[in-house]
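Here the structure comes first, spelled out in C-alpha cells, and everything after it is commentary.
Predicted, not measured: the structure shown is a model, and the values here were computed from it.
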Amino acid sequence: MSAAESSTKSAAAFRTISEVSGDLNVPQHVLRFWETKFPQVKPLKRAGRRRYYRPEDLKILRQIRDLLYKDGYTIKGVQKLFKEGAFKAKNSLDTQKVSDQVTKPDADPSENMPKEALDQKEQKPLTEQFAGLTLDHQQEILNELKSIRSLLD
C-alpha cells in the first residue's frame, strides 16, 4: 500500500512499517532502530513478526523525526526529553501541546534546548577558550588537571 493510500485510512487505524516509513519519509530500518532506542514506541507484532503501529506510535515517531532531523537533537537528547517529561504519557499524547513545548516557531530555538545541548552549542574551541588567559593561569589549570588525573589513575 502506498503512502497516498495509507493517508485515506482512518486516523485510528493501525499502520504497517512500510506505511509509516512512507508517511514519515524515514527508511524502515531507521524506524526499527528507533524502536530499540525509544521504549515509548511499541508497535504490535503479529504472526511473522509483522509490525503494526498504533496512532500513538505514529505521533511519537513524528516527534522523534522532527527533533532529530529538523531541530538537530541527538538520540540521547531526545531520550532525555522523554525522561524529563517533555512528552505526555503515550495514551494521552497531544501532538500540538508537545510541538509547542518542543519547537515554538516564533521563539528562539535555544529556548527549548536541554541545558547540555545549549552548553555544547555555545562552547568555543579550546584554543579560543584559553586565548585570553595568562600563561600563569594556564599553568595553574594544567597543574590542577594533572592532580585530578593522578587521582583517577
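Arg50 pairs by the side chain to side chain contact (heavy atoms under 4.5 Å, CB included) definition with Thr16, Tyr52, not counting sequence neighbours. The side-chain hydrogen bond (donor to acceptor under 3.5 Å, both in side chains) test applied to Tyr69 returns no partner, not counting sequence neighbours. Considering only residues two or more places apart in sequence or on other chains, Arg65 meets the side-chain hydrogen bond (donor to acceptor under 3.5 Å, both in side chains) condition with none of them. Remark: Gln79 engages no residue in a side-chain hydrogen bond (donor to acceptor under 3.5 Å, both in side chains) (not counting sequence neighbours). For the salt bridge (Lys or Arg N to Asp or Glu O under 4.0 Å) test, residues two or more places apart in sequence or in another chain that qualify with Lys70 are Asp66. Taking the side-chain hydrogen bond (donor to acceptor under 3.5 Å, both in side chains) definition, one finds that Asn143 meets it with Gln139, sequence neighbours left out.
In this structure, Phe14 has its ring center at least 6.0 angstrom away from the ring center of Tyr53.
No chain of hydrophobic side-chain contacts below 4.5 Å, direct or via other Ile, Leu, Val, Met, Phe, Trp or Tyr residues, connects Leu61 to Leu44.
The pair Arg51-Glu35 meets the salt-bridge criterion, since a charged nitrogen lies less than 4.0 angstrom from a carboxylate oxygen.
When atom types are taken as modelled, the side chain of Asp57 and the backbone of Val41 share no donor-acceptor pair closer than 3.5 angstrom. Remark: side-chain polar atoms of Arg15 are not paired, donor with acceptor, to backbone N or O of Asp23 under 3.5 angstrom.
The minimum heavy-atom distance between Phe82 and Ile64, with the atom names listed, is CE1-CG1, 4.0 Å. Contact between Pro55 and Ala11 at its shortest, heavy atoms only, is CG-O, 3.3 Å.
Here CG of Leu58 is found 9.5 Å from CG of Leu31. Values are rounded to the nearest 0.5 Å. Rounding to the nearest 0.5 Å gives a distance of 10.5 Å between CD of Glu19 and CD of Gln28. Note that the OH atom of Tyr73 and the CD atom of Gln63 stand 11.0 Å from one another [nearest 0.5 Å].
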